[in-house]
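Residues take their numbers from the sequence shown, with the count starting at 1. Remember, it's a predicted structure, so these values are computed and weren't measured experimentally.
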Amino acid sequence: MMADANKAYVGPIPSGKKIKIVFVIGGPGSGKGTQCSKIVNQFGYTHLSAGDLLREEVKSNTEQGTMIQNFMHEGKLVPSDVSVRLLLKAILASGNDKFLIDGFPRNEENREAYEKIINIDPEFVLLIDCSREEMERRILHRNQGRDDDNMDTIRRRFQVFQESTLPVIQHYEKMGKLRRVDGTRNPDMVFEDVKAIFEQLNTQANQVSIAQTNPFKRWFLHLCCGCFDMQDRRD
Ligand SMILES: Nc1ncnc2c1ncn2[C@@H]1O[C@H](COP(=O)(O)OP(=O)(O)O)[C@@H](O)[C@H]1O
Ligand SMILES: Nc1ccn([C@@H]2O[C@H](COP(=O)(O)OP(=O)(O)O)[C@@H](O)[C@H]2O)c(=O)n1
């Protein structure tokens, strides 16, 4: 059988490599990319945008690129095994061990394909909430020359968000993994809330590693937390 370069085998991720994943989801134009670049600057994650990876693939002028372009032009979701394999390839190519996956999963099929192919439990799922009017206004002013930023395609993308992404949101909410921020405010204000969520994750991770590695520090931490507890009660 002829090897097809576009469907070349990728993966799996070496077991034993501890990788952190955070999904960033929200409607089109909610500010996912904008917040991701702030998170990258402050917390050292690698930003992987499913949409950007697909747009890169379109530029390759392959049969797969043309297929992707047709889906994106209509505002439809590209088949999940394509987007998941692009994500896997990008994770493997990066030296980093923590990733923001932006614009993914967008439907249950995306989520299931991810669980089958990559299967790294996300630390949490950041949802950027924004009103439709505000998202529409932002997209129409985005001015990045994207051929899907036109009124007909935007309508279809909103419909996909309502019908296909909401079940994914509900899934992670049930699992206690959803962290929701109000994205209608200005980018710095939104980031204040986003930052607090990531800081909380760091604090939890530090406490776990201290507790695992050093019994004296564990005792000290316990003592401090006890003191802070008492302080709180006094206030
Ligand atoms: N909080 C915000 N307030 C106003 N404009 C914003 C905000 N966040 C992003 N934008 C602008 O809105 C447009 C869409 O943002 P972007 O981050 O590309 O959204 P998404 O990745 O969710 O599609 C961009 O032009 C961006 O500069
Ligand atoms: N998981 C994904 C993400 C994006 N896409 C495609 O990429 C398009 C643009 O997604 P994007 O995340 O770059 O942009 P926004 O729609 O969020 O503004 C979507 O409308 C889909 O056609 C996809 O098929 N599957």
Side-chain angles (χ1 to χ4, degrees), residues 2 4-8 10 23-37 40 46-91 93-94 99-118 125-169 171 183-184 187:
M2 284 262 292
D4 179 342
N6 296 314
K7 290 194 180 147
V10 229
F23 291 140
V24 182
I25 55 181
S30 55
K32 300 182 292 295
T34 304
Q35 293 302 318
C36 282
S37 66
V40 166
T46 292
H47 176 204
L48 300 178
S49 153
D52 285 350
L53 291 172
L54 291 166
R55 278 183 283 278
E56 272 306 305
E57 197 61 19
V58 169
K59 286 190 207 150
S60 68
N61 268 328
T62 57
E63 215 174 287
Q64 174 165 272
T66 311
M67 179 273 283
I68 294 173
Q69 186 173 34
N70 292 336
F71 275 93
M72 292 179 87
H73 183 67
E74 290 182 36
K76 291 183 181 163
L77 296 178
V78 173
S80 300
D81 69 311
V82 175
S83 37
V84 173
R85 280 179 201 287
L86 290 174
L87 286 170
L88 178 59
K89 204 162 130 190
I91 290 173
S94 157
F99 298 91
L100 293 172
I101 303 193
D102 158 10
F104 186 94
R106 258 184 155 93
N107 63 4
E108 287 288 88
E109 192 202 76
N110 270 184
R111 184 177 68 74
E112 282 159 14
Y114 173 88
E115 285 171 5
K116 207 160 124 197
I117 299 172
I118 300 184
V125 179
L126 179 67
L127 168 66
I128 306 184
D129 243 342
C130 198
S131 67
R132 175 159 173 175
E133 304 76 60
E134 176 64 12
M135 292 194 274
E136 208 171 282
R137 193 185 63 73
R138 290 181 191 172
I139 295 176
L140 292 172
H141 287 90
R142 177 154 54 185
N143 212 8
Q144 279 181 355
R146 278 174 52 172
D147 81 335
D148 60 345
D149 280 355
N150 65 74
M151 217 41 235
D152 275 352
T153 313
I154 290 170
R155 233 172 257 133
R156 175 78 194 152
R157 283 155 65 200
F158 280 130
Q159 193 187 348
V160 167
F161 179 67
Q162 285 293 333
E163 288 171 6
S164 307
T165 314
L166 286 188
V168 177
I169 294 171
H171 171 87
T184 47

How many angstroms lie between CZ in R142 and CE in M135, if you round to the nearest 0.5 Å?
11.5 Å
Is the closest basic N to carboxylate O distance between E133 and R137 below 4.0 Å?
no
Could you grab the distance from atom CG of D81 to atom CG of L86, nearest 0.5 Å is fine?
9.5 Å
Between R106 (side chain) and A50 (backbone), is there a donor-acceptor pair under 3.5 Å?
no
So, the side chain of H73 versus the backbone of Q69: is there a donor-acceptor pair under 3.5 Å, distance only?
no
With heavy-atom distances below 4.5 Å as the criterion, would you say the side chains of V168 and F104 are in contact?
no
Are the side chain of K32 and the backbone N or O of G27 linked by a donor-acceptor pair below 3.5 Å?
yes
Donor-acceptor pair, distance only, cut-off 3.5 Å: does the side chain of R156 make one with the backbone of K76?
no
Provide the closest heavy-atom pair for I139 versus G29 in the form atom of the first, atom of the second, distance.
CG1-CA, 3.8 Å
Quick one: list whatever passes side chain to side chain donor-acceptor pair (under 3.5 Å) with E112, sequence neighbours left out.
none
For R55, enumerate each residue passing the side chain to side chain donor-acceptor pair (under 3.5 Å) test, keeping only those at least two apart in sequence or located in another chain.
D52
Check whether any side-chain N or O of E108 sits under 3.5 Å from a backbone N or O of S164 as a donor-acceptor pair, and report yes or no.
no
